[in-house]
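Just follow the structure's listing: the first ligand is 1, and inside any ligand the first atom is 1.
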Amino acid sequence: MSLVVEKYGGTSVGTVERIQAVAENVAARARKGDQMVVVVSAMSGETNRLIGMARDISSEPSQREMDTLVSTGEQVTIALLSLALHNLDVSAVSYTGFQIPILTDDVHGKARIETIDGDSVKKSLVEGKVVVVAGFQGISANNNITTLGRGGSDTTAVAMAAALKADECRIFTDVDGVYTADPRMVENARRLDRVTFEEMLELSGAGAKVMQIRAVEFASKYNVPIRVLSSFESGPGTLISYEDKNMEQPLISGITSVDNEAKVTIRGVPDRPGIAYSILGPVSDAHINVDMIVQNVGNDELTDFTFTINQDDLQRSIELLEPVVKELNAETVVGDTNLAKISVVGVGMRSHAGIATGMFKALSEKGINIQMISTSEIKISVTIDREYTELAVRALHNAFRLDEIETKV
Ligand code: ADP
Ligand code: ASP
Ligand code: MG
């Protein structure tokens with residue numbers, strides 16, 4: 001008997017019929033005698049619908065109330081899936097994040113899981129029940145409902161698998177695995193049989209939303225192998241796991257893009273020690289994640305300081321930085337949302353020179369201007385004009401021949 005955690009994303013539970021199809025899938029496995037914990041997302045579009053209603057009422061809604069609101073989407077699907085399982089004569093019980101409880105910190109909208117008390121779930125499993133868990137939500141020490149960031153049901157699933165020491169963690173979604181690029185953007189993208197935690201961390205961090213980055217962090221920390229599968233068709237999917245030294249590694253595993261970033265530039269900053277800290281300190285204190293950072297060479301002892309953030313945090317960042325601009329005697333702070341970040345990810349970069357050059361060449365051949373560049377050991381990212389996102393991703397996918405059988409290192 002195995003303990004299996006399965007997660008079904010928004011499209012997989014997008015209609016009552018889809019929920020019934022998921023129930024059939026779960027029931028088949030449960031009837032074989034496996035213990036099943038099933039994590040579900042809200043029905044597709046529901047989280048956005050809830051956010052939209054709140055925005056119609058308030059341009060700066062309370063973060064606490066936002067979490068109370070958006071967590072309801074998952075409460076609907078756990079109940080419906082449990083009912084669909086009852087219809088199939090499968091004993092099932094639903095749990096919200098706070099009934100388990102999944103304890104988080106109190107950073108609303110992007111809370112981190114601190115501990116999971118697995119006792120009640122284990123008791124239900126021993127009683128022979130399928131346990132249906134609401135993804136994306138938790139509760140803070142002071143009893144406020146929290147959510148784990150967009151796409152956070154992936155993290156709930158991996159965290160439950162770690163807490164329960166599950167034998168398998170399977171993420172069911174609307175694609176049949178992790179691809180060399182978003183298959184909706186690049187027609188000839190190729191499914192990867194296997195990726196390492198390290199590669200998946202970079203792919204997710206650079207925009208491959210098929211897995212939320214925090215879920216991959218969790219999986220890597222607690223060594224929970226994940227299999228990404230389609231809930232619409234059967235197939236081997238993609239295994240995300242630790243690095244097997246005997247396994248050949250692809251030179252490049254994928255091309256990703258992010259088009260929800262924004263750029264903040266502080267112009268005319270006096271070029272002296274402490275500038276980066278004065279600017280980024282208040283931003284980080286407000287729990288705003290900064291991605292790329294560039295400080296231009298100073299002219300007349302003045303410099304431009306630029307960084308990128310999620311575009312939802314743009315307004316707040318500018319508000320936080322207006323007093324800083326005055327304090328530093330800088331010229332102004334401006335925001336720009338017309339950009340996209342494109343990344344090439346691959347462990348081959350460690351040992352092969354020339355991947356950056358190949359990237360810049362492919363972009364220049366399409367006449368795409370690079371604004372900022374950043375690199376890590378296995379990733380190169382650039383920002384470009386947002387209107388060229390798809391063109392850039394396709395050009396790079398072709399330039400590195402990712403549709404062909406893998407180049408190994
Ligand atoms: P779910 O609702 O099941 O969590 P998501 O929409 O969050 O599903 O993630 C699945 C989507 O991720 C796919 O539909 C696909 O368009 C997108 N995606 C982006 N990059 C990749 C990639 N490299 N491989 C597979 N899917 C990707
Ligand atoms: N429903 C949440 C979202 O849309 C969480 C998830 O789907 O994983 O972001
Ligand atoms: Mg998702």
- Task: Check if Gly152 has a non-hydrogen atom at a distance under 4.0 Å from any atom of ligand 2.
- Result: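 Per 4.0 Å heavy-atom rule, Gly152 contacts ligand 2.
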
- Got a salt bridge between Glu233 and Arg191, using NZ or NE/NH1/NH2 to carboxylate O under 4.0 Å?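 Result for this pair is no, no salt bridge flagged.
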
- Task: Report the part of Gln212 (side chain from C-beta onward, or backbone N, CA, C, O) that has a heavy atom under 4.0 Å from ligand 2; answer both or neither where that applies.
- Result: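 Neither; no heavy atom under 4.0 Å.
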
- Item | Atom indices of ligand 2 within 4.0 angstrom of Ser41 heavy atoms, with elements |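 That gives atoms 6 (C), 7 (O), 8 (O) of ligand 2.
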
List, pair by pair, the atoms of ligand 1 and of the protein that are both N or O and lie under 3.5 Å apart, giving the separation rounded to 0.1 Å.
| unit_1 | atom_1 | unit_2 | atom_2 | d |
| --- | --- | --- | --- | --- |
| ligand 1 | 2 (O) | Gly10 | N | 3.0 |
| ligand 1 | 3 (O) | Thr173 | OG1 | 2.7 |
| ligand 1 | 4 (O) | Lys7 | NZ | 3.0 |
| ligand 1 | 6 (O) | Lys209 | NZ | 3.1 |
| ligand 1 | 8 (O) | Thr173 | OG1 | 3.1 |
| ligand 1 | 14 (O) | Asp174 | OD1 | 2.8 |
| ligand 1 | 14 (O) | Arg184 | NE | 2.9 |
| ligand 1 | 14 (O) | Arg184 | NH2 | 2.7 |
| ligand 1 | 16 (O) | Asp182 | OD1 | 2.8 |
| ligand 1 | 16 (O) | Asp182 | OD2 | 3.4 |
| ligand 1 | 16 (O) | Arg184 | NE | 2.9 |
| ligand 1 | 23 (N) | Tyr179 | O | 3.0 |
| ligand 1 | 24 (N) | Tyr179 | N | 2.9 |

- Query: Purely on distance, is any nitrogen or oxygen of Gly10 under 3.5 Å from one on ligand 2?
  - Reply: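 So ligand 2 has no N or O lying under 3.5 Å from an N or O of Gly10.
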
- Task: Please check if the side chain of Thr146 supplies one atom and the backbone of Asp106 the other of a donor-acceptor pair under 3.5 Å.
- Result: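 No, the answer is negative, given that no donor and acceptor are paired below the 3.5 Å cut-off.
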
- Enumerated ligand 2 atoms positioned under 4.0 Å from heavy atoms of Gly151: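 Answer, ordered by atom number: 3 (C), 5 (C), 6 (C), 8 (O), 9 (O).
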
- Message: If we ignore hydrogens and angles and just use 3.5 Å, is the side chain of Thr15 paired with the main-chain N or O of Arg18 as donor and acceptor?
- Response: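 Such a contact is found between Thr15 side chain and Arg18 backbone.
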
- Message: Any carboxylate oxygen within less than 4.0 angstrom of a Lys/Arg side-chain nitrogen, looking at Asp313 and Lys110?
- Response: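 Looking at Lys110 together with Asp313, the answer is yes, because their closest N to O distance falls below 4.0 Å.
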
- Cation-pi geometry met for Arg184 and Tyr179 (6.0 Å, 45°):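 Geometry flag: not set, cation outside 6.0 Å or 45°.
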
- Query: Should Asp154 be counted as touching ligand 2, given the test is an N or O pair under 3.5 Å?
  - Reply: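 No; every N/O pair is 3.5 Å or more apart.
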
- Indicate yes or no for a side-chain donor-acceptor contact from Ser120 to the backbone of Ile100 under 3.5 Å, with no hydrogens or angles considered.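 Yes; judged by distance alone, with no hydrogens or angles, the pair exists.
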
- Item | Gln75 versus Thr96, side-chain donor and acceptor atoms under 3.5 Å |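 Result is no, nothing qualifies.
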
- Looking just at side-chain N and O atoms, do Thr389 and Ser257 make a donor-acceptor pair shorter than 3.5 Å?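 There is no such pair (donor and acceptor under 3.5 Å, judged by atom type) between the side chains of Thr389 and Ser257.
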
- Item | Val38 side chain near Leu81 side chain, heavy-atom distance below 4.5 Å |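 Heavy-atom side-chain distance check passes, below 4.5 Å.
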
- Separation between OG1 of Thr196 and CD1 of Ile378, rounded to the nearest 0.5 Å: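 Output value for this atom pair is 6.0 Å.
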
- Query: Considering only protein heavy atoms, which is closest to atom 4 (O) of ligand 2, and at what distance to one decimal place?
  - Reply: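 Result for atom 4 (O) of ligand 2: Arg150 NH2, 2.9 Å.
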
- Message: Could you check whether any heavy atom of Glu46 sits closer than 4.0 Å to an atom of ligand 2, since that is the contact criterion I want to use?
- Response: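 Glu46 does not count as a contact of ligand 2 under the 4.0 Å cut-off.
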
